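Okay, so here's the structure we're looking at.
Source: prediction; values computed, not measured. Order of appearance sets the numbers: ligands from 1, and atoms from 1 within every ligand.
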Amino acid sequence: MSKVQSDVKSEKRSLIINGERVAALSYTPLYSPYSGEEIAQIAAASKKQTLDAINSASEARSIIGNMTAFERAEILEKAVTILRDKADEAAKIIAFEAAKPIVFAKAEVARTIETYKFAAEEAKRIHGETIPFDAAESGAGRFGYTVREPIGVVGAITPFNFPMNLVAHKVGPAIAAGNTIVLKPASQTPLSALFIAEVFEEAGLPAGVLNVVTGSGRVVGEAIVEDDRVNMVTFTGSPSVGIGIRNKAGLKKTTLELGSNSALIIDKDVVIDSIIDRCIMGAFSNQGQVCISLQRVYVHEEVYEEFVSKFAEAAKQLKVGDPLDPETDISALISQDDTDRALAWIAEAKEQATIRTGGKLTGRILEPTIITDAASDLKVSCQEVFAPVVVINKVGSVEEAIGYVNDSRFGLQAGIYTNNIKNAMQAVKKLYVGGVIVNDVPTFRVDQMPYGGVKNSGTGREGVKYAVEEMTEMKLVVWNQS
Ligand code: NAP
């Protein structure tokens with residue numbers, strides 16, 4: 001048993017409301033997706049406790065509202081320092097509750113640190129602009145400007161797949177902008193969120209600014225979405241839950257960062273050996289449980305066979321195993337249900353397409369799976385697989401590939417490898433997605449870039465500066481000088 005496992009096993013974890021550890025009426029066991037062992041007992045908040053947390057966040061608005069940008073940035077900087085000191089512990093928590101291989105868990109912690117660092121910097125440059133009122137005939141004698149004010153209470157609902165960095169994408173900008181937060185983490189990954197709340201407590205964040213309410217989406221999530229004191233809901237997760245939130249949120253501001261079936265185009269002039277490693281990372285890191293995971297590849301017929309055989313060979317080299325083993329590339333999916341779903345979709349594909357490698361379980365772990373010649377209406381093509389499964393198809397031109405990429409209900413990011421500038425320009429212009437990545441996989445993301453999708457991939461943008469914009473309201477000030 002690992003040290004982290006023995007540290008957390010059977011420990012009861014409370015809610016964090018107004019700086020207090022609050023017990024719940026009931027607790028839910030949290031199991032390791034890899035070993036199936038119980039890791040902890042997690043408080044399942046009631047609706048009443050969720051409303052208490054919203055109340056606490058509502059009352060703390062004036063506390064953070066009276067803090068200067070300098071003070072907010074200082075707290076974020078302190079959190080960065082504490083996280084750096086505790087990086088190993090943080091990575092083990094992620095590896096343990098999400099079965100994320102430790103190498104990727106460490107990478108997530110490094111990104112989390114960077115996200116809070118960006119938030120500390122962004123806290124110092126929140127400002128509006130001056131307006132040239134006399135440009136209007138009736139604007140003479142007026143002087144004015146805009147300011148950006150905190151939006152208020154931010155309800156943050158987060159998924160399991162990046163349990164620390166996606167919390168950071170909500171908590172960091174919210175604090176930078178002077179808001180308070182009610183955070184509801186995914187039921188499978190509450191420990192990362194509770195850990196972060198403790199980091200902020202140590203960093204000196206006043207009580208009530210960050211409240212963590214664990215429990216089910218239906219009880220806690222819905223109470224957050226429906227409460228009028230919550231000014232904004234920032235949600236990352238599946239399209240079905242996101243659409244439900246949007247329908248219930250009324251006029252409340254919502255940012256929805258949803259799923260995708262991200263695609264990559266490979267043109268005929270590409271040196272295949274130079275892109276295999278990136279494609280493997282894009283398709284299989286975190287077992288494919290990444291919203292911009294590489295799921296569909298459209299390869300020019302002239303390099304198709306070479307790509308498929310080299311990519312399949314590299315996929316076979318990936319090591320499946322214990323997430324805490326530094327040699328492990330692929331571990332268990334987040335739940336047995338998700339494993340069963342992925343296997344069912346592969347079985348459907350088997351009827352009409354070719355499974356080039358994988359498609360089976362090793363213990364509880366789904367092997368990296370490559371499928372070729374899959375029709376666009378198969379589930380592995382048109383839905384979000386969220387598993388280590390990639391579909392590769394042959395195309396006659398980049399133009400044809402663009403058509404296939406756009407033939408999706410999703411539109412988060414897409415990639416194209418090409419040395420032909422005209423084809424790259426055409427892809428940039430015609431791909432209907434939130435981000436086009438030229439000469440890299442669609443999986444590329446750094447944490448300050450504007451990130452978000454079109455169609456069923458969501459609305460609004462994250463990336464610290466852009467999230468701060470979403471989490472602030474513009475106020476106009478006009479001075480009549482005449
Ligand atoms: P999920 O099932 O939609 O859950 C996300 C969060 O919503 C969890 O905290 C969940 O709580 C909560 N929730 C469930 N039902 C709810 C309801 N009725 N009202 C309010 N909240 C509710 O998603 P997931 O399986 O954790 O994450 C995978 C999905 O996230 C994929 O689709 C992936 O593409 C997407 N994702 C998108 C991005 C992006 O930036 N675009 C990034 C990462 C992931 P419980 O856990 O208690 O059910």
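Close contacts between ligand 1 and Leu166 involve ligand atoms 42 (C), 43 (C) [criterion: under 4.0 Å to a heavy atom]. For ligand 1, the atoms lying closer than 4.0 Å to a non-hydrogen atom of Gly259 are 32 (O), 34 (O).
The nearest non-hydrogen atom to atom 43 (C) of ligand 1, considering only Thr28, Asn161, Thr255, Thr214, comes from Asn161. Closest heavy-atom approach to atom 32 (O) of ligand 1 among the candidates Glu384, Gln289, Lys248: Glu384.
At a heavy-atom cutoff of 4.0 Å, ligand 1 is contacted by the backbone of Pro185 but not by its side chain. Only the backbone of Leu258 comes within 4.0 Å of ligand 1, counting heavy atoms alone; no side-chain atom from C-beta on gets that close.
Under the 4.0 angstrom criterion, atom 4 (O) of ligand 1 counts as lacking any protein heavy-atom contact.
Using a 4.0 Å cut-off between a side-chain N of Lys or Arg and a carboxylate O of Asp or Glu, Glu11 and Arg21 do not qualify as a salt bridge.
Within a 6.0 Å radius of NZ in Lys319, other residues, nucleotides and ligands contribute more than 12 heavy atoms.
Aromatic ring pairs are classed by plane angle as parallel below 30°, tilted from 30° to 60° and perpendicular above 60°; the pair Tyr116 and Phe200 is perpendicular. Ring-plane geometry between Phe386 and Phe160 is classed as perpendicular, the angle between the planes exceeding 60 degrees on a 0 to 90 degree scale with a lower cut at 30.
Residues Lys170 and Thr236 bring a donor and an acceptor atom of their side chains to less than 3.5 Å of each other. Asp338 and Ser335 are linked by a side-chain donor-acceptor pair at a separation below 3.5 angstrom, with hydrogens and angles left out of the test.
The shortest N or O to N or O distance between Gln188 and ligand 1 is not below 3.5 Å.
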